[in-house]
Amino acid sequence: MPKFEVDPAVHRGLADARLNVEIDNGDMILNLGPQHPATHGTLRLVVRLDGERVVASDVVIGYMHRGYEKLTEYRTYPQITTLINRIDWLSSFANEVPFVHAAEQLMGIEAPPRAEYIRTALTELSRIATFLLFLGEMGLQVGAITPAFYGFRDREYVLNAIESATGGRFHPNFNRIGGLKDDLPWGWIAETRESMRKVLKSCDEFEDLVVSNPIFQKRTRGIGIIPAELGASYGVSGSNLRASGVDWDLRRDGKPYLVYNDLDWKVWTHSDGDSFARYWVRLQETRESARMVLQLLDVMPSGPVMTKVPKIIKVPEGEVWVNTENPLGEMGYYVISKGATGPFRVKIRTASLSNVSIAPWLLRGVYLPDIITVLASLYFILGDIDK
Amino acid sequence: MSENTEVEVGATMSPENLELLGRVSAALGAEAIIESAQAVGDLVVRVANASWREAAKACRGALGFNYLSFIGGIDWMPAPVVGGEAGDTSSPVQPAEQTYGAAGSAGRFQVFARVASTSVPRSGLTLKVDLDEESPAVDSWVSIYPGADWHERETWEMLGIGFNGHPSLRHLYLPAEFEGNPLRKDFPLLAREVKPWPGLVNVEPMPGEDVEEEAE
Amino acid sequence: MGNNVSKKDAFAKHLKGMLGGLRVTLRTMLKPAVTVQYPHEQEAPPTRARGVIALLEENCTVCMLCARQCPDWCIYIEGHKEKRPARREGGKDRTVSVLDRFDIDYALCMYCGICVEVCPFDALHWSPEFEYSESSIAHLLHDKDKLGEWEATVPVAEPLEIGAEVKGKK
């Protein structure tokens, strides 16, 4: 029992009136963030510690809230694609796809097959880029700096491929309603094939460097376990849920989109549900995505990449829900159109918001140094939480 | 309340959605469902305000929708035309009359949610609920889907919709002292108000010449 | 006894895990570095890179389409009308719009490329140049002379990948 006197009112002031971390004894309040390398942006975490164990925690978000749902109401459909690829800036291309599909479904048009194949390839490339950063950066969170460098190095190959096709490393804005802005540049397929071989090799490196490392295993195994059923009711999705043994991937189990049904691939799951499982699942998914891209490059059909669309795009009245398996989890747009050049209401369902909302539950009873590894293994992007 | 239009809607519904609708009304009671519709392949069911929590229980229980995708709100008020008199045509012009989307609405505000099952492929259900226009509020889902917590806080601060039984309705994204509900249609977007639109035609005519109507 | 063996096994497993990692780092150490020492060495960005927007002034007809479609409201255009002699002998004098001001505020620009795409007269182009950072935000407003200078850096469009549809006009 601590000897010093603690004035609860003072502590409550420290912890901010918005937080519900209640102070009733001499527990320590620790403020993490808003600036912290593990937060991929500005996430603030207020934890109440009993010794080294977390008793309660509260997540403060909104430091990067940009009001995308409001902004979409003031923009036309073509203007929105460039806006929404800033939601999750690590996998921007994947953000554009569901929105463009939503508009296409309401208009009753379909992109040509070649466009869908290129979209799939670029979506998988952005998944690889996102996961490579995670694979390296997760090592950094347990104190190993080398994997971070490797992750950044290998991600460059993928970003180069994305940039040479779309013109933007992080914000491709390559999707158009009805297809793509342009076809691929000469030599892209051969270069990307080479990059994918490098990615597959680097996945083996991560296996040797991180996964089989005994220190990494000690720091992540059995820590931060998400029970499958609880995770689902929190809305946790994507690799986080698959790491808890839920065999659910919207690329296979959602409404069919892109060309995933034409590919030979499998959904990886892990039964443990801990930080290690989340790392392991993402490592396997990176490999799987690289294999998918290689398949796509082999069977890329020829033809146009843009279907005929009116010059001024007006989307007929109606509403549609389109959700896709983004690198971070389920991303969806509920688009309500009233027949104008812009949407009436767009509800954006981002993966990270639901993934992180389980954090207060997940961090209960965790040791202080493990907060960082648990958060890092959930893998969120603040832009994806704050919208 | 509008009358039940299931019969006419049913004719345009896919067999899977009809089957799902049958299960929903069996689990929830037919009187709790005000209207149902199909929106591009997805079933949208509008339930009575009093049955909102029951609907969640039925979804999580009998219907097997163990996964909460999102909860959000809609303000159906027609969007005010921004800067129209100044010739600013930058933002899309929405219809001036108040119309409602799939499955209709009784008033300006609605809460809608999407649930799915992680064990059944291509499963999912969109639920909508009508709210009182003066003091919009509905029962909270937090006790059934714990993930509803943040979504309901977001809907509360963005649209001013109350959630009865929510453990702590606090600001999620916005600072604690923020006033107003940004996603309501009558909340202006300041970025579009403080600056004139640079898209206005700014070509000086020839001296003595009438300003021609600019055609695009 | 059994306990001893498993401890030994665990140690061997740990050692193997460590050595596996060290082998990876050692192999990487022997390879040449991939980093580019930026200000001294440079990598050329791809042809399509959206670096900066260049303006070909004589093509611009002050139609305002780019300024209207810009989602960020970052293009400012002013112009006036002028009489020009007719193209053909004996024809009527033409009235043309002449550009007075064409500013792009790169502090606001999102680099979406909508202005380049909507331009019906091919006056705006993407250039991969990226070295125009400024110490003051106000200097990021590029006027038409500055935008015109970028025109020299606009690359020739590259050929498309096998299987791409050969485009007709437009």
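Note: hydrogens, waters and symmetry copies are ignored here, and every other heavy atom, side chains too, is used. Throughout, a chain's letter reflects where its sequence line sits, starting with A, and its residues are numbered from 1. Here the structure is a predicted model, which means the values were calculated and not measured.
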* If you count heavy-atom pairs under 4.5 Å with chain B, which of A:Gly231, A:Gly318, A:Pro343 comes out on top? ->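 Among A:Gly231, A:Gly318, A:Pro343, the one with the most close pairs to chain B is A:Pro343.
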* Taking B:Pro121, B:Pro167, B:Pro146 one by one, which has the highest count of heavy-atom pairs under 4.5 Å against chain A? ->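 Greatest number of close heavy-atom pairs with chain A: B:Pro146.
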* Residue pair A:Asn326 / A:Asp88, side-chain donor-acceptor N/O under 3.5 Å ->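 Distance-only check fails for A:Asn326 and A:Asp88.
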* A:Val356 versus chain B, the contacting section by heavy-atom distance below 4.5 Å ->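 A:Val356 touches chain B through backbone and side-chain heavy atoms alike.
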* Asked: Which one of A:Asp386, A:Ile336, A:Thr350 has the most heavy-atom pairs closer than 4.5 Å to chain B?
  ->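 Ranked by contacts with chain B, first place is A:Asp386.
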* To do: Check whether A:Tyr334 gets within reach of chain B through its side chain, its backbone, both or neither, counting any heavy atom under 4.5 Å.
  =>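 Contact with chain B: side chain only.
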* Asked: Do the non-hydrogen side-chain atoms of A:Thr324 and A:Tyr333 ever get within less than 4.5 Å of each other?
  ->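 SC-SC contact between A:Thr324 and A:Tyr333 ruled out.
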* Is any side-chain N of the basic residue among A:Asp247 and A:Lys266 closer than 4.0 Å to the acidic one's carboxylate O? ->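 Salt bridge between A:Asp247 and A:Lys266, a charged N being under 4.0 Å from a carboxylate O: no.
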* **Which portion of B:Asp149 sits near chain A, non-hydrogen atoms under 4.5 angstrom** =>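 No part of it gets close to chain A.
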* Asked: Mind checking whether B:Trp150 and B:Phe70 have ring centres under 6.0 Å apart?
  ->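 No.
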* Which of the residues B:Asn66, B:Val115, B:Leu68 is involved in the greatest number of heavy-atom pairs with chain A at under 4.5 angstrom? ->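 Highest number of heavy-atom pairs under 4.5 Å: B:Asn66.
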* Asked: Can A:Glu285 and A:Ser239 be said to form a side-chain hydrogen bond (donor to acceptor under 3.5 Å, both in side chains), step by step?
  -> CA-CA 8 Å; A:Glu285 287 184 356; A:Ser239 321; 3.0 Å; yes
* Asked: Quick one: what part of A:Leu241 sits under 4.5 Å from any heavy atom of chain B, side chain, backbone, both or neither?
  ->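 When you check distances to chain B, only side chain atoms of A:Leu241 fall under 4.5 Å.
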* Against chain A, label B:Pro182 side chain, backbone, both or neither, depending on which of its atoms sit under 4.5 Å from a heavy atom there. =>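 It is the backbone, since no side chain atom gets that close.
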* Asked: Which answer fits A:Leu353, side chain, backbone, both or neither, if we ask what part of it has an atom under 4.5 Å from a heavy atom of chain B?
  ->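 Contact with chain B involves both backbone and side-chain atoms of A:Leu353.
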* Based on non-hydrogen pairs under 4.5 Å, which of A:Glu73, A:Gln79, A:Gln105 is most in contact with chain B? ->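 Max contact count across the listed options: A:Glu73.
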* Do A:Arg242 and A:Trp268 have side-chain heavy atoms sitting under 4.5 Å apart? ->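 Not touching, per the 4.5 Å side-chain cut-off.
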* Top residue by heavy-atom pair count (under 4.5 Å) with chain A, among B:Pro78, B:Ser123, B:Gly72, B:Gly73? ->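 Answer, by heavy-atom pair count under 4.5 Å with chain A: B:Gly73.
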* To do: Test A:Asn31 against A:Arg44 for side-chain hydrogen bond (donor to acceptor under 3.5 Å, both in side chains), laying out the working first.
  => CA-CA 7 Å; A:Asn31 185 58; A:Arg44 185 171 157 216; 2.7 Å; yes
* Asked: Which bit of B:Thr126 is near chain A, if near means a heavy-atom gap under 4.5 Å: side chain, backbone, both or neither?
  ->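 Answer is side chain: those atoms of B:Thr126 sit under 4.5 Å from chain A.
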* When you check the gap from the basic side-chain N to the acidic O, do B:Asp186 and B:Arg108 get nearer than 4.0 Å? ->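 Counted as a salt bridge, because a side-chain N and a carboxylate O are separated by less than 4.0 Å.
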* **chain A contact via B:Phe112 - which portion, at a heavy-atom distance below 4.5 Å** =>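 For B:Phe112, the side chain is the part near chain A, not the backbone.
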* Contact winner vs chain A - B:Ser117, B:Ser69, B:Gly101, B:Ala39, heavy-atom pairs under 4.5 Å ->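 Heavy-atom pair counts peak at B:Ser69.
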* Applying side-chain contact (heavy atoms from CB on, under 4.5 Å) between A:Glu325 and each of A:Trp248, A:Tyr257, A:Tyr260, report the one that passes. =>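 Of the listed options, the one satisfying the test is A:Tyr257.
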* Let me know if A:Glu317 has heavy atoms under 4.5 Å from chain B in its side chain, its backbone, both or neither. =>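 For A:Glu317, the side chain is the part near chain B, not the backbone.
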* To do: Take atom CD of B:Glu19 as the centre, draw a 6.0 Å sphere, and report whether it contains more than 12 heavy atoms from other residues, nucleotides or ligands.
  =>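 Count over threshold, so yes.
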* To do: With a 4.5 angstrom heavy-atom cut-off, could you sort out which part of B:Val44 is near chain A: side chain, backbone, both or neither?
  =>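 When you check distances to chain A, only side chain atoms of B:Val44 fall under 4.5 Å.
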* Asked: Is the B:Trp76 ring parallel, tilted or perpendicular to the A:Phe344 ring (thresholds 30°, 60°)?
  ->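 Aromatic pair B:Trp76/A:Phe344 classed parallel.
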* Asked: Between B:Pro92, B:Gly147, B:Ala148, which shows the greatest number of heavy-atom pairs under 4.5 Å with chain A?
  ->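 If we count pairs closer than 4.5 Å to chain A, B:Pro92 comes out on top.
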